[in-house]
Amino acid sequence: MQYKDQSAWRDVLEFPIGGRQQKPRRTGKTMVIDKGLGLTEFKDLLEVAAPYIDFIKLGFGTSVFYPADILREKIRLARSHAVDIFPGGTFFEVAVLQGRLSLYLQTARELGYTFIEISDGTIDLSRTLRYAALRQARAAGFGVITEVGKKDPRDALSDTHILSQIAMDLEAGADYVIVEGRESGQGVVIYDSRGVVKEDTLAYLIEGIGDLDRIIWEAPQKQQQQVLIINLGANVNLGNVQPGDVLALEALRVGLRGDTLRTTLVREGVS
């Protein structure tokens, strides 16, 4: 589906931050986390915001709780609006634990999911199994998004390990790699326990990642999105965005919120 600019404000104002890519796009992607929207809410979200959404993740293992007809309809609606959709990584991890990965992928394909997330945020997943799963998902016709980082701070990986994992995942053929941020955005990878971005960690990862266009930074909080946009520009890939925040994030990307507009004015020397 191609979207045309139907805004009532078209040609009236210019975005203070230019260069925002439109769909279909390779970078500047927004991934929304859906924790259980009903069909009416889901339809409303897509009718209003589909041009600004690239992925919808049915978070965690929530896929299992939908009546089959409603789940199929949500997936159909997403695809009809040119939005890719996939089940959460924890669901994948349970399938691996139970030795049912093949059945998991087969069922996901029959339901109409377009991507699979491969993660080990909770379980221990060997490198061999990680890449076997990636190849298997690819062979089944899915796009693949991997995730790096542990959900529990007690299991935190070193920054060096995270960089190495990202590089290997991209080389192995992942379309995108998610940097773990959890739903809360607290106490994991680039965020401290309060959700504040650890600037040194972020700078280290930015410098060490070879292809930033294929990285999705989970950033559920507005101040996190702001920091990433300021550091990486309007077309940074952001994930775990709440459904109600999609338009607010888009405004942040293009300078139509005071937070990023102020940054633009400072850069231009406007007081």
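Excluded from the calculations below are hydrogen atoms, water molecules and symmetry mates; all remaining heavy atoms, backbone and side chain alike, are included.
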Could you walk me through whether Asp54 and Lys23 satisfy the side-chain contact (heavy atoms from CB on, under 4.5 Å) test, starting with their C-alpha distance in whole Å, then the side-chain angles of each, then the deciding distance to 0.1 Å, before giving a yes or no?
CA-CA 8 Å; Asp54 301 274; Lys23 292 175 66 174; 3.7 Å; yes
Could you give me the CA-CA distance, side-chain angles and deciding distance for Tyr113 and Asp84, then say whether side chain to side chain donor-acceptor pair (under 3.5 Å) is met?
CA-CA 8 Å; Tyr113 283 113; Asp84 283 303; over 6 Å; no
Show the numbers, then the answer: is there a side chain to side chain donor-acceptor pair (under 3.5 Å) between Thr260 and Gln226?
CA-CA 7 Å; Thr260 46; Gln226 178 183 337; over 6 Å; no
Report the C-alpha separation of Leu39 and Leu77 in whole Å, then their side-chain angles, then the decisive distance to 0.1 Å, and conclude whether the side-chain contact (heavy atoms from CB on, under 4.5 Å) test is met.
CA-CA 9 Å; Leu39 279 179; Leu77 282 168; 4.1 Å; yes
Audit row: Phe60, Lys35, side-chain contact (heavy atoms from CB on, under 4.5 Å) steps and yes/no:
CA-CA 8 Å; Phe60 335 118; Lys35 297 180 289 183; 3.8 Å; yes
Test Val197 against Tyr191 for side-chain contact (heavy atoms from CB on, under 4.5 Å), laying out the working first.
CA-CA 5 Å; Val197 175; Tyr191 306 123; 3.7 Å; yes
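Side-chain heavy atoms closer than 4.5 Å link hydrophobic residues (I, L, V, M, F, W, Y) into clusters, and following such links, even through other members, never connects Ile33 to Leu247. A single hydrophobic cluster is seen to contain both Ile85 and Leu37, as judged by linkage of ILVMFWY side chains at heavy-atom distances under 4.5 Å, directly or through other members. Linking ILVMFWY side-chain heavy atoms closer than 4.5 Å, directly or via other members, places Leu256 and Val246 in two distinct hydrophobic clusters. Linking Ile, Leu, Val, Met, Phe, Trp and Tyr residues whenever their side-chain heavy atoms come within less than 4.5 Å leaves Leu103 and Leu129 in two separate clusters. Leu228 and Val189 fall within the same hydrophobic cluster, defined by Ile, Leu, Val, Met, Phe, Trp and Tyr side-chain heavy atoms under 4.5 Å apart, directly or through other members.
The shortest side-chain heavy-atom distance between Ile215 and Tyr176 does not fall under the 4.5 Å cut-off. Taking the side chain as every heavy atom from C-beta outward, Ile56 and Phe42 approach each other to under 4.5 Å. Side-chain contact check for Arg253 versus Leu238: some heavy-atom pair is nearer than 4.5 Å. Taking the side chain as every heavy atom from C-beta outward, Lys150 and Thr122 never approach each other to under 4.5 Å. Looking only at side-chain heavy atoms (C-beta outward), Phe142 and Ile118 stay at 4.5 Å or farther from each other. In this structure, Gln186 and Gln221 have side chains that are in contact, with non-hydrogen atoms separated by less than 4.5 Å. Looking at heavy atoms from C-beta onward, Thr160 lies in side-chain contact with Tyr204 at the 4.5 angstrom threshold. Counting heavy atoms from C-beta outward, Ile145 and Val177 have side chains that stay 4.5 Å or more apart.
Rounded to the nearest 0.5 angstrom, Arg76 CZ and Leu71 CG are separated by 13.0 Å. How far CG of Leu58 is from OH of Tyr66: 5.0 Å, rounded to the nearest 0.5 Å. One distance of note links CG of Leu101 with CD of Gln106; it measures 11.5 Å at 0.5 Å rounding. In this structure, OG on Ser158 lies 8.5 Å from CG on Leu163, to the nearest 0.5 angstrom. Rounding to the nearest 0.5 Å gives a distance of 9.5 Å between OG of Ser184 and NZ of Lys151. Taken from OH in Tyr104 to OG in Ser63, the straight-line distance is 7.0 Å, to the nearest 0.5 Å.
At distances below 3.5 Å, at least one donor-acceptor pair connects side-chain atoms of Glu180 with backbone N or O atoms of Arg182. Remark: side-chain polar atoms of Asp192 are not paired, donor with acceptor, to backbone N or O of Gly187 under 3.5 angstrom. Within the 3.5 Å criterion, the main-chain N or O of Thr27 finds no donor-acceptor partner in the side chain of Asn237. Not one N or O on the side chain of Glu147 forms a donor-acceptor pair closer than 3.5 Å with the backbone of Glu117. The backbone N or O of Ala95 sits nowhere less than 3.5 Å from a side-chain atom of Gln98 that would complete a donor-acceptor pair. No side-chain donor-acceptor contact under 3.5 Å links Glu218 to the backbone of Asn240. A donor-acceptor contact shorter than 3.5 Å is absent between the side chain of Gln242 and the backbone of Val32. With hydrogens and angles ignored, the 3.5 Å screen pairs no side-chain donor or acceptor of Asp245 with any backbone N or O of Val241. Side-chain atoms of Arg127 do not come within 3.5 Å of backbone N or O of Gln165 as any donor-acceptor pair. The main-chain N or O of Gln21 is found under 3.5 Å from a side-chain atom of Arg25 such that the two form a donor-acceptor pair.
When every heavy atom of Gly255 is checked against every heavy atom of Pro16, the shortest pair comes out as O-CG, 3.3 Å. In terms of heavy-atom proximity, Ala172 sits nearest to Leu134 at O-CD2, 3.5 Å. Minimum interatomic distance between Ser102 and Gln136 (heavy atoms only, all atoms of both residues): OG-NE2, 2.7 Å.
Under a cut-off of 6.0 angstrom, the local environment of CZ in Phe91 is crowded, with over 12 non-hydrogen atoms contributed by other residues, nucleotides or ligands. With a 6.0 Å radius and a threshold of 12 heavy atoms from other residues, nucleotides or ligands, Asp69 has its CG atom above the threshold. Annotation for Glu110: atom CD counts as buried by contact number, over 12 foreign heavy atoms lying within 6.0 Å.
For the pair Arg20 and Phe15, the cation does not sit on the ring face, since its NZ or CZ is not both under 6.0 Å from the ring centre and inside 45° of the axis.
Arg138 and Asp175 are joined by a salt bridge, as a carboxylate oxygen and a charged side-chain nitrogen come within less than 4.0 angstrom of each other. Between Arg154 and Asp152, at least one side-chain N (NZ, or NE/NH1/NH2) sits under 4.0 Å from a carboxylate O, which counts as a salt bridge. Contact check on Lys57 versus Asp34 returns no salt bridge, with no Lys/Arg side-chain nitrogen under 4.0 Å from an Asp/Glu carboxylate oxygen.
Taking the six-membered ring where tryptophan is involved, the planes of Phe86 and Phe115 are tilted, since the angle between them lies from 30° to 60°.
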